[in-house]
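Please read the structure below before turning to the comments.
Keep in mind that the numbers below use all heavy atoms, side chains included, and drop hydrogens, waters and symmetry copies. Nothing fancy with the numbering, it's 1 onward along the sequence.
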Amino acid sequence: MSATADHAEERTNPAAKLGFEPGQVVQEIGFDDDVDQDLREGIETVIGQDLVDEDYDDVADVVLLWFRDEDGDLTDALVDAIGLIDEGGQVWLLTPKTGRDGYVEPSDINEAAQTAGLSQTKSINAGKDWSGSRLVTPKAAKTGKR
């Protein structure tokens, strides 16, 4: 695919900028009525299958964690998410944007990620109401694995 085609897909499919790949198993946690349905559908289009839910009983390549301030302790949620991914996997933490109900301070995200043993490698605009933070284990960060 050309660079121009890549940019076109990023504009039409919000999931393209998150780096998902065909065949990946993506486990979704924290689903509720407020999630970005276009982003979810875009991810499913890229990976070629449905997202798996919290009851999935195998390891995933990526955890998609929708998290709001009132959802409890972010560090605990991230530690739980790490246990769900394959070695070298990643967590996409999606939090409401500034001014939206459930907004999480970027400093709280950074502190929780570090405490959980994760490194933040990317932050993006993940939709109209959501921001995304790509979090990886130190081993994944060193190898560049997505």
Side-chain angles (χ1 to χ4, degrees), residues 1 5-138 140-141 144-146:
M1 191 181 296
D6 286 343
H7 291 301
E9 183 172 346
E10 284 184 15
R11 284 193 300 276
T12 58
N13 182 351
K17 61 186 167 188
L18 277 70
F20 289 100
E21 298 174 10
Q24 284 184 315
V25 174
V26 179
Q27 186 168 11
E28 181 179 44
I29 301 194
F31 175 85
D32 207 339
D33 297 346
D34 61 348
V35 301
D36 188 307
Q37 291 297 333
D38 290 339
L39 180 61
R40 294 179 76 250
E41 291 168 11
I43 293 168
E44 290 176 338
T45 297
V46 171
I47 66 174
Q49 58 192 347
D50 291 341
L51 301 173
V52 297
D53 65 16
E54 297 177 12
D55 296 328
Y56 183 68
D57 62 0
D58 201 353
V59 292
D61 298 304
V62 181
V63 167
L64 184 67
L65 175 60
W66 302 94
F67 190 88
R68 303 138 198 95
D69 187 50
E70 64 272 4
D71 287 347
D73 185 81
L74 180 55
T75 302
D76 288 346
L78 292 174
V79 168
D80 291 346
I82 292 168
L84 302 172
I85 55 176
D86 204 1
E87 184 177 320
Q90 62 184 335
V91 175
W92 268 105
L93 172 63
L94 298 166
T95 57
K97 287 184 177 177
T98 305
R100 309 299 200 286
D101 286 344
Y103 170 72
V104 180
E105 291 285 342
S107 59
D108 293 342
I109 293 171
N110 188 44
E111 182 180 328
Q114 286 182 3
T115 302
L118 296 166
S119 299
Q120 185 172 345
T121 62
K122 186 175 187 179
S123 294
I124 63 149
N125 172 6
K128 185 174 88 106
D129 296 319
W130 294 87
S131 295
S133 300
R134 181 176 174 257
L135 307 172
V136 297
T137 59
K145 182 173 180 177
R146 291 203 253 166

**Message:** For Lys97 and Asn125: C-alpha separation, side-chain torsions, deciding distance, then whether side chain to side chain contact (heavy atoms under 4.5 Å, CB included) applies.
**Reply:** CA-CA 9 Å; Lys97 287 184 177 177; Asn125 172 6; 2.7 Å; yes

Residues which pass side chain to side chain donor-acceptor pair (under 3.5 Å) with [X], listed by chain and number, not counting sequence neighbours:
X      : result
Asn110 : none
Lys122 : none
Ser123 : Gln120

List the atom of [X], the atom of [Y], and the distance in Å for their closest heavy-atom pair.
X      : Y      : result
Val79  : Ala116 : CG2-CB, 3.8 Å
Glu21  : Gln24  : N-OE1, 2.8 Å
Val63  : Ile85  : CG2-CG2, 3.3 Å
Gly132 : Ala126 : N-CB, 3.9 Å
Val136 : Gln90  : CG1-CB, 3.8 Å
Gly30  : Val35  : O-CG1, 4.3 Å

**Request:** Using the salt bridge (Lys or Arg N to Asp or Glu O under 4.0 Å) rule, collect all pairs that involve residues 72-82, keeping only residues at least two apart or in two chains.
**Result:** none

**Message:** Show every salt bridge (Lys or Arg N to Asp or Glu O under 4.0 Å) that has at least one partner inside residues 43-55, sequence neighbours left out.
**Reply:** none

First locate atom [atom1] of [X], then atom [atom2] of [Y], and finally report the distance between them rounded to the nearest 0.5 Å.
X      : Y      : atom1 : atom2 : value
Leu118 : Ile82  : CG    : CD1   : 3.5 Å
Trp130 : Ile124 : CH2   : CD1   : 13.0 Å
Thr75  : Gln114 : OG1   : CD    : 10.5 Å
Thr95  : Ile109 : OG1   : CD1   : 4.0 Å
Ser131 : Leu94  : OG    : CG    : 8.5 Å
Leu64  : Ile29  : CG    : CD1   : 9.0 Å

**Message:** Strictly by ring-ring contact (aromatic ring centres under 6.0 Å, His included), give each pair with a member in residues 40-59 just once, sequence neighbours left out.
**Reply:** none

**Prompt:** Among pairs that include at least one residue of residues 71-90, which meet ring-ring contact (aromatic ring centres under 6.0 Å, His included), considering only residues two or more places apart or in two chains?
**Reply:** none

**Qualifying residues under side chain to side chain contact (heavy atoms under 4.5 Å, CB included), relative to Gln49, sequence neighbours excluded** = Val25, Ile47

**Fill in**
Sorted by chain and residue number, the side chain to side chain contact (heavy atoms under 4.5 Å, CB included) partners of Ala77 (sequence neighbours excluded) come out as Leu65, Phe67

**Asked** Do Val52 and Val26 have side-chain heavy atoms sitting under 4.5 Å apart?
**Response** no

**Asked** Would you call Ser133 and Trp92 a side-chain contact if the rule is heavy atoms closer than 4.5 Å?
**Response** no

Would you mind writing out the side-chain donor-acceptor pairs for residues 99-108 within the sub-3.5 Å range, not counting sequence neighbours?
unit_1: Arg100; atom_1: NE; unit_2: Asp129; atom_2: OD1; d: 2.8
unit_1: Arg100; atom_1: NH1; unit_2: Thr98; atom_2: O; d: 3.4
unit_1: Arg100; atom_1: NH2; unit_2: Lys128; atom_2: O; d: 2.9
unit_1: Arg100; atom_1: NH2; unit_2: Asp129; atom_2: OD1; d: 3.3

**Prompt:** side chain to side chain donor-acceptor pair (under 3.5 Å): which pairs involve residues 26-40, sequence neighbours left out?
**Reply:** Glu28-Arg40, Glu28-Trp66, Asp34-Arg68, Gln37-Arg40

